[in-house]
S.K.: 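Would you mind keeping the following structure in view while I ask a few things?
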Amino acid sequence: MPELPEVETVRRALEKRLVGLKVTAYELGRPTFYRRPPAQALKSLVGSTIEAVRRRGKYLLLSLSGKQELALHLGMSGRLILAKANGSHKPHLRFSLFIDGQALEFHDARRFGRVGCRLPELGPEPLDAAFNAHYLRQALRGRKAPIKALLMDQEIVAGIGNIYATEALFASGIRPDRKAGRLSAGEIKRLGSAIKKILARAVELGGSTLEDNAYLDPLGQPGRFQEVISIYGRKTDPCGHALKATKKPLAGRTSLYCPVCQK
DNA sequence: ACGAGTACCTGGCAGC
DNA sequence: TGCTGCCAGGTACTCG
(Lines give C-alpha, C1' and ligand atoms only; values in the text may rest on other atoms or scores of the structure.)
Protein backbone atom coordinates (compact mmCIF):
# COMPACT_ATOMS: atom_id res chain seq x y z
CA MET A 1 0.00 0.00 0.00
CA PRO A 2 1.55 3.25 -0.95
CA GLU A 3 2.52 5.23 2.14
CA LEU A 4 5.26 7.85 2.42
CA PRO A 5 8.22 5.58 1.51
CA GLU A 6 6.50 4.14 -1.56
CA VAL A 7 5.36 7.55 -2.80
CA GLU A 8 8.83 8.97 -2.20
CA THR A 9 10.36 6.11 -4.20
CA VAL A 10 7.98 6.85 -7.05
CA ARG A 11 8.80 10.54 -6.79
CA ARG A 12 12.54 9.91 -7.10
CA ALA A 13 12.12 7.67 -10.11
CA LEU A 14 9.91 10.16 -11.91
CA GLU A 15 12.09 13.12 -11.02
CA LYS A 16 15.08 11.36 -12.54
CA ARG A 17 13.30 10.54 -15.78
CA LEU A 18 10.76 13.27 -16.41
CA VAL A 19 12.07 16.64 -15.25
CA GLY A 20 12.74 18.96 -18.17
CA LEU A 21 10.53 16.99 -20.55
CA LYS A 22 7.37 18.14 -22.25
CA VAL A 23 3.88 16.64 -22.05
CA THR A 24 2.81 16.02 -25.63
CA ALA A 25 -0.59 14.34 -25.21
CA TYR A 26 -2.87 12.53 -22.82
CA GLU A 27 -5.32 9.68 -23.12
CA LEU A 28 -8.08 8.50 -20.82
CA GLY A 29 -8.55 4.82 -20.06
CA ARG A 30 -11.80 2.94 -20.15
CA PRO A 31 -14.62 5.20 -18.98
CA THR A 32 -15.68 4.74 -15.39
CA PHE A 33 -18.17 6.52 -13.23
CA TYR A 34 -16.34 6.40 -9.96
CA ARG A 35 -13.55 8.98 -9.72
CA ARG A 36 -13.10 9.58 -13.36
CA PRO A 37 -9.82 11.42 -14.02
CA PRO A 38 -10.68 15.06 -14.86
CA ALA A 39 -10.01 15.32 -18.60
CA GLN A 40 -9.85 19.11 -18.43
CA ALA A 41 -7.00 19.05 -15.91
CA LEU A 42 -5.04 16.57 -18.03
CA LYS A 43 -5.70 18.44 -21.25
CA SER A 44 -4.41 21.70 -19.81
CA LEU A 45 -1.04 20.03 -19.16
CA VAL A 46 -0.40 19.32 -22.82
CA GLY A 47 2.45 21.53 -24.06
CA SER A 48 3.79 22.17 -20.55
CA THR A 49 7.20 21.13 -19.31
CA ILE A 50 7.65 19.12 -16.12
CA GLU A 51 9.73 21.29 -13.83
CA ALA A 52 9.69 19.25 -10.65
CA VAL A 53 8.20 16.18 -9.05
CA ARG A 54 7.35 16.81 -5.42
CA ARG A 55 5.71 14.93 -2.60
CA ARG A 56 3.61 15.99 0.37
CA GLY A 57 2.56 13.16 2.67
CA LYS A 58 1.18 10.47 0.39
CA TYR A 59 0.43 12.96 -2.39
CA LEU A 60 2.60 13.21 -5.45
CA LEU A 61 2.79 16.61 -7.15
CA LEU A 62 3.83 17.19 -10.74
CA SER A 63 4.89 20.82 -11.09
CA LEU A 64 4.69 22.08 -14.64
CA SER A 65 5.58 25.25 -16.49
CA GLY A 66 2.91 27.93 -16.37
CA LYS A 67 2.46 27.42 -12.63
CA GLN A 68 0.42 24.31 -13.23
CA GLU A 69 0.40 21.48 -10.76
CA LEU A 70 -1.15 18.04 -10.89
CA ALA A 71 -1.73 16.31 -7.56
CA LEU A 72 -2.06 12.54 -7.46
CA HIS A 73 -2.94 10.16 -4.68
CA LEU A 74 -2.34 6.45 -5.27
CA GLY A 75 -5.02 5.33 -2.84
CA MET A 76 -4.32 1.72 -2.03
CA SER A 77 -3.87 0.12 -5.41
CA GLY A 78 -2.80 3.04 -7.59
CA ARG A 79 0.37 2.54 -9.60
CA LEU A 80 2.33 4.92 -11.81
CA ILE A 81 4.19 3.14 -14.57
CA LEU A 82 6.70 4.46 -17.05
CA ALA A 83 6.21 2.65 -20.31
CA LYS A 84 6.99 2.92 -23.98
CA ALA A 85 4.77 5.47 -25.62
CA ASN A 86 2.79 3.05 -27.78
CA GLY A 87 0.63 2.64 -24.73
CA SER A 88 -0.71 -0.47 -23.06
CA HIS A 89 -4.41 -1.03 -22.58
CA LYS A 90 -4.63 -3.00 -19.38
CA PRO A 91 -8.08 -3.15 -17.79
CA HIS A 92 -7.28 -0.78 -14.93
CA LEU A 93 -5.49 1.92 -16.89
CA ARG A 94 -7.12 5.22 -15.98
CA PHE A 95 -5.02 7.66 -17.98
CA SER A 96 -1.70 8.11 -19.71
CA LEU A 97 0.41 11.22 -20.11
CA PHE A 98 2.71 11.03 -23.11
CA ILE A 99 6.01 12.66 -22.34
CA ASP A 100 8.75 12.81 -24.95
CA GLY A 101 8.43 9.27 -26.24
CA GLN A 102 7.46 7.83 -22.87
CA ALA A 103 4.08 7.13 -21.35
CA LEU A 104 3.36 7.84 -17.71
CA GLU A 105 0.43 5.52 -16.96
CA PHE A 106 -1.83 5.59 -13.94
CA HIS A 107 -3.30 2.16 -13.20
CA ASP A 108 -5.68 1.67 -10.32
CA ALA A 109 -7.60 -1.57 -9.82
CA ARG A 110 -9.56 -0.50 -6.75
CA ARG A 111 -10.07 3.06 -7.83
CA PHE A 112 -9.28 4.66 -4.51
CA GLY A 113 -6.67 6.83 -6.18
CA ARG A 114 -7.27 10.48 -7.02
CA VAL A 115 -6.03 12.69 -9.78
CA GLY A 116 -6.10 16.46 -9.97
CA CYS A 117 -7.29 16.66 -6.40
CA ARG A 118 -6.84 19.49 -3.96
CA LEU A 119 -4.58 18.81 -1.01
CA PRO A 120 -6.32 18.66 2.36
CA GLU A 121 -4.83 20.02 5.58
CA LEU A 122 -1.75 17.97 6.32
CA GLY A 123 0.47 17.75 9.38
CA PRO A 124 4.27 17.99 9.24
CA GLU A 125 6.43 15.68 7.18
CA PRO A 126 7.65 13.01 9.60
CA LEU A 127 11.22 13.21 8.29
CA ASP A 128 11.40 17.00 8.77
CA ALA A 129 12.85 18.62 11.89
CA ALA A 130 9.43 20.14 12.64
CA PHE A 131 8.22 16.65 13.49
CA ASN A 132 9.85 15.93 16.84
CA ALA A 133 9.01 14.78 20.36
CA HIS A 134 7.92 18.27 21.36
CA TYR A 135 5.49 18.55 18.47
CA LEU A 136 4.15 15.05 18.97
CA ARG A 137 3.59 15.65 22.70
CA GLN A 138 1.55 18.77 21.90
CA ALA A 139 -0.43 17.02 19.18
CA LEU A 140 -1.36 14.06 21.40
CA ARG A 141 -2.06 16.01 24.59
CA GLY A 142 -5.54 15.33 25.93
CA ARG A 143 -6.49 13.07 23.03
CA LYS A 144 -8.50 10.00 23.94
CA ALA A 145 -8.32 8.22 20.61
CA PRO A 146 -6.02 5.21 20.29
CA ILE A 147 -2.47 6.20 19.39
CA LYS A 148 -2.51 4.19 16.18
CA ALA A 149 -5.56 6.04 14.87
CA LEU A 150 -3.79 9.36 15.46
CA LEU A 151 -0.58 8.22 13.77
CA MET A 152 -2.64 7.50 10.67
CA ASP A 153 -4.41 10.87 10.95
CA GLN A 154 -2.85 12.90 8.14
CA GLU A 155 -3.52 16.18 9.94
CA ILE A 156 -1.27 15.11 12.80
CA VAL A 157 1.55 13.72 10.69
CA ALA A 158 1.50 13.25 6.92
CA GLY A 159 2.31 10.00 5.15
CA ILE A 160 1.86 7.23 7.70
CA GLY A 161 -0.59 4.37 7.05
CA ASN A 162 -1.28 0.98 8.56
CA ILE A 163 2.07 -0.67 7.78
CA TYR A 164 4.40 1.98 9.19
CA ALA A 165 2.13 2.85 12.14
CA THR A 166 2.12 -0.85 13.08
CA GLU A 167 5.91 -1.12 12.77
CA ALA A 168 6.63 2.13 14.65
CA LEU A 169 4.43 1.10 17.58
CA PHE A 170 6.09 -2.29 17.75
CA ALA A 171 9.57 -0.71 17.62
CA SER A 172 8.70 1.63 20.47
CA GLY A 173 6.96 -1.04 22.57
CA ILE A 174 3.56 0.67 22.66
CA ARG A 175 0.22 -1.09 22.19
CA PRO A 176 -1.75 0.38 19.31
CA ASP A 177 -4.93 0.79 21.38
CA ARG A 178 -3.36 2.90 24.13
CA LYS A 179 -5.09 6.26 24.57
CA ALA A 180 -2.78 8.75 22.91
CA GLY A 181 -3.06 11.33 25.68
CA ARG A 182 -1.88 8.80 28.26
CA LEU A 183 1.51 8.07 26.72
CA SER A 184 4.47 9.15 28.85
CA ALA A 185 6.99 11.70 27.62
CA GLY A 186 9.51 8.88 27.27
CA GLU A 187 7.16 6.78 25.18
CA ILE A 188 6.38 9.70 22.89
CA LYS A 189 10.07 10.35 22.42
CA ARG A 190 10.70 6.70 21.52
CA LEU A 191 7.74 6.69 19.18
CA GLY A 192 8.86 9.85 17.39
CA SER A 193 12.35 8.44 16.84
CA ALA A 194 10.99 5.07 15.74
CA ILE A 195 8.81 6.75 13.11
CA LYS A 196 11.75 8.64 11.67
CA LYS A 197 14.08 5.66 11.74
CA ILE A 198 11.58 3.27 10.14
CA LEU A 199 10.46 5.67 7.43
CA ALA A 200 14.03 6.65 6.57
CA ARG A 201 15.03 2.99 6.31
CA ALA A 202 11.95 2.20 4.21
CA VAL A 203 12.79 5.03 1.81
CA GLU A 204 16.35 3.67 1.53
CA LEU A 205 14.96 0.23 0.69
CA GLY A 206 12.49 1.57 -1.84
CA GLY A 207 9.30 0.93 0.17
CA SER A 208 7.41 -2.28 0.97
CA THR A 209 6.08 -4.78 -1.55
CA LEU A 210 3.92 -7.33 0.27
CA GLU A 211 2.68 -10.64 -1.10
CA ASP A 212 -0.19 -9.05 -3.00
CA ASN A 213 2.33 -7.01 -5.04
CA ALA A 214 0.13 -3.97 -4.54
CA TYR A 215 3.14 -1.72 -4.80
CA LEU A 216 5.76 -1.64 -7.55
CA ASP A 217 7.85 1.36 -8.56
CA PRO A 218 7.40 3.08 -11.97
CA LEU A 219 9.82 0.62 -13.58
CA GLY A 220 8.01 -2.37 -12.12
CA GLN A 221 10.58 -3.03 -9.38
CA PRO A 222 9.44 -4.16 -5.92
CA GLY A 223 10.62 -2.51 -2.71
CA ARG A 224 12.70 -4.37 -0.12
CA PHE A 225 11.48 -3.07 3.23
CA GLN A 226 9.22 -6.13 3.62
CA GLU A 227 12.44 -8.12 4.18
CA VAL A 228 13.02 -6.24 7.45
CA ILE A 229 9.41 -5.80 8.59
CA SER A 230 9.00 -6.97 12.19
CA ILE A 231 5.28 -7.69 12.55
CA TYR A 232 3.03 -6.31 9.82
CA GLY A 233 1.44 -9.21 7.97
CA ARG A 234 3.27 -11.77 10.14
CA LYS A 235 2.15 -14.37 12.66
CA THR A 236 4.95 -13.93 15.19
CA ASP A 237 7.34 -11.15 16.15
CA PRO A 238 11.14 -11.50 15.84
CA CYS A 239 11.29 -13.00 19.38
CA GLY A 240 8.83 -15.72 18.34
CA HIS A 241 5.86 -14.37 20.33
CA ALA A 242 2.48 -14.97 18.71
CA LEU A 243 0.96 -11.70 17.53
CA LYS A 244 -2.56 -10.61 18.40
CA ALA A 245 -5.07 -8.34 16.75
CA THR A 246 -6.84 -5.73 18.88
CA LYS A 247 -10.44 -6.66 19.71
CA LYS A 248 -11.78 -3.60 17.98
CA PRO A 249 -10.37 -2.29 14.74
CA LEU A 250 -8.59 1.08 15.14
CA ALA A 251 -9.54 3.76 12.66
CA GLY A 252 -11.38 0.97 10.87
CA ARG A 253 -8.21 -1.09 10.43
CA THR A 254 -7.21 -4.40 11.90
CA SER A 255 -4.37 -3.75 14.27
CA LEU A 256 -1.66 -6.24 15.03
CA TYR A 257 0.62 -6.15 18.06
CA CYS A 258 2.83 -8.30 20.25
CA PRO A 259 1.17 -8.81 23.65
CA VAL A 260 4.57 -9.45 25.25
CA CYS A 261 6.75 -6.69 23.79
CA GLN A 262 4.15 -3.91 23.58
CA LYS A 263 2.75 -2.34 26.77
C1' DA B 1 -13.46 19.66 18.49
C1' DC B 2 -13.35 15.02 18.82
C1' DG B 3 -14.11 10.01 18.15
C1' DA B 4 -16.44 6.32 15.91
C1' DG B 5 -18.44 4.34 12.11
C1' DT B 6 -19.29 3.74 7.13
C1' DA B 7 -19.12 3.97 1.96
C1' DC B 8 -16.43 3.74 -1.87
C1' DC B 9 -14.11 -0.57 -5.20
C1' DT B 10 -12.51 -5.05 -6.67
C1' DG B 11 -8.88 -8.91 -6.62
C1' DG B 12 -7.93 -12.66 -3.94
C1' DC B 13 -8.74 -16.08 -0.90
C1' DA B 14 -11.12 -18.91 2.80
C1' DG B 15 -14.75 -21.84 3.47
C1' DC B 16 -18.38 -24.51 2.04
C1' DT C 1 -14.55 -27.77 -8.96
C1' DG C 2 -17.34 -23.77 -8.38
C1' DC C 3 -19.60 -20.75 -5.84
C1' DT C 4 -20.34 -17.14 -2.07
C1' DG C 5 -18.92 -13.80 0.91
C1' DC C 6 -15.66 -11.30 3.23
C1' DC C 7 -11.49 -8.70 3.66
C1' DA C 8 -7.80 -5.33 2.51
C1' DG C 9 -6.72 -0.29 2.26
C1' DG C 10 -6.99 5.80 2.56
C1' DT C 11 -10.04 9.35 2.51
C1' DA C 12 -14.20 11.91 3.10
C1' DC C 13 -18.26 11.89 4.86
C1' DT C 14 -21.99 11.61 8.69
C1' DC C 15 -23.54 11.18 13.29
C1' DG C 16 -23.55 11.70 18.25
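Sequence lines set the chain letters: A, B, ... in the order given, protein chains first and strands last, and positions in each chain run from 1.
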S.K.: By nearest atom, which of the nucleotides B/dG11, B/dC9, B/dA4 is closest to the A/H92 side chain?
M.R.: B/dG11
S.K.: When the distance from OH of A/Y34 to C1' of B/dA7 is rounded to whole Å, what number comes out?
M.R.: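 Checked: the OH to C1' distance equals 8 Å.
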S.K.: Just the rounded figure in Å: distance from P of B/dA4 to NZ of A/K144.
M.R.: 11 Å
S.K.: Could you tell me how far apart A/R79 (CZ) and B/dC9 (P) are, to the nearest whole angstrom?
M.R.: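 In whole Å, B/dC9 P and A/R79 CZ are 21 Å from each other.
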S.K.: Do the side-chain N or O atoms of A/R110 get closer than 4.0 angstrom to the phosphate oxygens (OP1, OP2) of B/dC8?
M.R.: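 The answer is no; no side-chain N or O of A/R110 sits under 4.0 Å from OP1 or OP2.
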S.K.: Using a 4.0 Å heavy-atom cut-off across all strands, classify A/P146 as base, sugar-phosphate, or nothing.
M.R.: sugar-phosphate
S.K.: Is a side-chain donor or acceptor of A/N132 paired with a backbone partner of A/A129 at a separation under 3.5 angstrom?
M.R.: yes
S.K.: Closest approach to the side chain of A/R143, judged atom by atom: which nucleotide of B/dG3, B/dC9, C/dA12 is it?
M.R.: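 Given the options B/dG3, B/dC9, C/dA12, the side chain of A/R143 is closest to B/dG3.
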S.K.: Please state how far atom OH in A/Y59 lies from atom C1' in C/dA12, giving the value in whole angstrom units.
M.R.: 9 Å
S.K.: Keeping the roles fixed (side chain from A/T246, backbone from A/K248), state whether a donor-acceptor pair exists under 3.5 Å.
M.R.: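 Yes, because the side chain of A/T246 sits within donor-acceptor range (under 3.5 Å) of the backbone of A/K248.
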S.K.: NA contact type, A/S77, heavy-atom cut-off 4.0 Å: base, sugar-phosphate, or nothing?
M.R.: nothing
S.K.: Closest approach to the side chain of A/Q154, judged atom by atom: which nucleotide of B/dG11, B/dA4, C/dT11 is it?
M.R.: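 Closest nucleotide among those given: C/dT11.
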S.K.: Let me spell it out: for each of A/R114 and A/T254, pick the nucleotide of DNA chain C with the closest heavy atom. Which residue's pick is nearer the 5' end?
M.R.: A/T254
S.K.: Take atom CZ of A/R30 and atom P of B/dT10, then tell me their distance rounded to the nearest Å.
M.R.: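 From A/R30 CZ to B/dT10 P: 8 Å.
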S.K.: Taking atom C1' of C/dT11 as reference, at what distance in whole Å does atom CD1 of A/I156 sit?
M.R.: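 To the nearest whole Å, that distance equals 15 Å.
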S.K.: Considering heavy-atom distances to DNA chain B, does A/L150 or A/G252 have its closest nucleotide positioned more toward the 5' end?
M.R.: A/L150
S.K.: Stepwise, does the side-chain contact (heavy atoms from CB on, under 4.5 Å) test hold for A/L151 with A/I156?
M.R.: CA-CA 7 Å; A/L151 288 183; A/I156 289 184; over 6 Å; no
S.K.: Parallel, tilted or perpendicular for A/Y59 and A/H73, by the 30°/60° rule?
M.R.: perpendicular
S.K.: Before you tell me yes or no, could you show the steps for A/K148 and A/T166 under side-chain contact (heavy atoms from CB on, under 4.5 Å), namely the whole-Å CA-CA distance, both residues' side-chain angles and the distance that decides it to 0.1 Å?
M.R.: CA-CA 8 Å; A/K148 178 155 172 278; A/T166 298; 3.5 Å; yes
S.K.: Nearest whole Å is fine: how far is C/dC7 C1' from A/N162 CG?
M.R.: 13 Å
S.K.: What integer distance in Å separates A/F112:CZ from C/dA12:P?
M.R.: 12 Å
